[in-house]
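Scroll down for the structure; my scribbles are underneath it.
Letters A, B, ... are given to chains in the order of the sequence lines, protein chains preceding strands, and every chain is numbered from 1.
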Amino acid sequence: MSTLHTVNKSPYERVSMATACAHVLPGDAILMIEDGVLGARKGGAFAKRLAELDGAKIFALGPDLAARGMKATDLVEGVEIVGYDGFVDLTVAHARVCAWL
Amino acid sequence: MSTLHTVNKSPYERVSMATACAHVLPGDAILMIEDGVLGARKGGAFAKRLAELDGAKIFALGPDLAARGMKATDLVEGVEIVGYDGFVDLTVAHARVCAWL
Amino acid sequence: MSENPKKKFLYINRKAPYGTIYALESLEVVLIGAAFEQEVSLAFLDDGVFQLIEGQNAADIGMKTFAKTYRALGDYEVRKLYVEKESLAERGLTAEDLMPIVYEDEDEDYAEKPSIHFVERAEMARLIGESDVVLSF
Amino acid sequence: MSENPKKKFLYINRKAPYGTIYALESLEVVLIGAAFEQEVSLAFLDDGVFQLIEGQNAADIGMKTFAKTYRALGDYEVRKLYVEKESLAERGLTAEDLMPIVYEDEDEDYAEKPSIHFVERAEMARLIGESDVVLSF
Amino acid sequence: MRFGIVVNEGPYTHQASDSALQFARAVLAKGHEIFRVFFYHDGVNNGTRFTIPPQDDRNLQRSWSELALTRNIDLVVCIAAAQRRGILDANEAKRQGKDGDNIAPGFRISGLGQLIEAGIQSDRLVVFGD
Amino acid sequence: MRFGIVVNEGPYTHQASDSALQFARAVLAKGHEIFRVFFYHDGVNNGTRFTIPPQDDRNLQRSWSELALTRNIDLVVCIAAAQRRGILDANEAKRQGKDGDNIAPGFRISGLGQLIEAGIQSDRLVVFGD
């Protein structure tokens, strides 16, 4: 009965991604969409925070990454890229969706 | 030729107030308006940051404080309360206004 | 809706009042939603805790002081308001800074009971994980 | 406007592109503003530095990739783009991650020169303090 | 599965409407069902037929209207939020004494109860916002 | 002194329009001059006459219109931003083949150059936004 957490804002602008990370349970997943994908960049100050997260998988929306010039090799290790179809699958695979707006 | 910096968002939600504080010059002033006044509360995590700021005066808009239930005694020491008329005077007293949106 | 089992609705309030309309319009959903007889909880975390501050007066910014509506929630059978302790502490707030919100317990001779429950972050995470529908604005 | 002395306009870009429209609509102001022959500088700090990232492609989110417009700024006599070093570093970015933006210097036989200048935070603060008009979106 | 989708922001300014639209199309492409798309807060501004985006840009209102008309998706604009922001259908305009309306094809104006109902009737409710 | 004021957000959703209005009134009360109020981004949504706020709430469009009509303040809505968001005057509606318009009294639609001009002609430019 896990939760899919969506985060759509940069962790460098807003607190929402940090708050989402602080409220995941084992088995949950975080999906970065829109400006949220900026948090997935390797070498950024927020990367450490993501690395500390255990028990939750992290996904980033591919079309949003591409828009922002981010390639798979730019991402923190362990972040998985999905498309809109994968986004739908994630909502099905988890019992509920919590949007951290 | 100093600058009036306006900040309208809570420092607990967004980075804008921290960025404003990092870009003031001696003689500048910061005016907290709207949700920005939430940063003026004594005892909050952001209060330390404000205390470190020297060379710039800090103002908070009274009507916005009142809306949010904040009294003069709730504020970090040194924060001065002004009304909309004082806001106008501050824009006149400084050479330019920089809004940290 | 009577053929369906009740669902657990969780409203997540993370935004300060007045600077944006989200707190007010979220409350309007809660009031309408009360008529649907679902299980309703409200979560207040991050800047959402500022919604419950005592002594709000928005007259001089030209807005309605809608804070009193939270006090009426008990009459709408909305009696579970969870406030995150860590969010309060980070903002220099304590329980005493919030308005008292109570409901009348019809099972105990209409005794007034507090609607606000202060929870740790881990408990808040569990609340999310036990909900059927999470509404955030 | 010819009777007035030129003013120093500073456009502050602090928001990431695509997630919101501010970066795009700010750029539209810069392009229109170029016709007014004022002194124009653009500041990129905080998430605004993401506007200049190389390799943007917004096709799959259904939007226009407007990044190439920054490269055309030189033709509009907009040749001073200041990027804050601390903002880049915090986000794990270096100068090599940004697109090259150049202008042709008519005083030096149209030699291509970089429009982007990397500045420390203190220098960015001075730039603000030397402006006549600060536009932020 | 049956989805409810909530859109809290207007077109173009925030990506919410774009993301919701792409998500809705993916839901349908996967063979799932959309019970309702509910437009709240500034999201009601997606429902005006008066927008004229630049020629080389997407037209979000038209895309939503097409989804409603070709796939029979229920697009509901919250009446209270719509009144605050100036989105009217012919009925509302008449009732409120306004001299025109601007609702786009495929959108209908209704109450907040439709949002709660979407929460009850859908297997998943997905919210897009600022 | 002469002021330019910029409003980047629509009514009610963000406080920007309220703050700008209170600031504008204070500017005039102090005997200063307002060269222009420029509405950009979602700020253009302040200029629709279709809003119907709740009876016990403020009416921002009416307040702006009153300021324009009683104090002769120039309220300019950016045309490009307005087209994206569905704010039209009668001329634009006709030119674009739209079947109605929604501009409020006292507002006029014009180009972005009016913003730059406000920056040039005003002693202080004050921006309100999200």
Do other residues, nucleotides or ligands put more than 12 heavy atoms under 6.0 Å from the [atom1] atom of [X]?
| X | atom1 | result |
| --- | --- | --- |
| D/Glu130 | CD | yes |
| D/Tyr76 | OH | no |
| E/Arg25 | CZ | yes |

Side-chain heavy atoms of [X] within contact of [Y], under 4.5 Å:
| X | Y | result |
| --- | --- | --- |
| E/Thr13 | D/Tyr22 | yes |
| D/Ile61 | E/Gln15 | yes |
| D/Lys64 | E/Arg58 | no |

Gap separating the CZ atom of D/Phe66 from the CG atom of E/Asp56, nearest 0.5 angstrom: 12.5 Å
Atom pair NE2 (E/His14) and CD1 (D/Ile21), whose distance is rounded to the nearest 0.5 Å: 10.0 Å
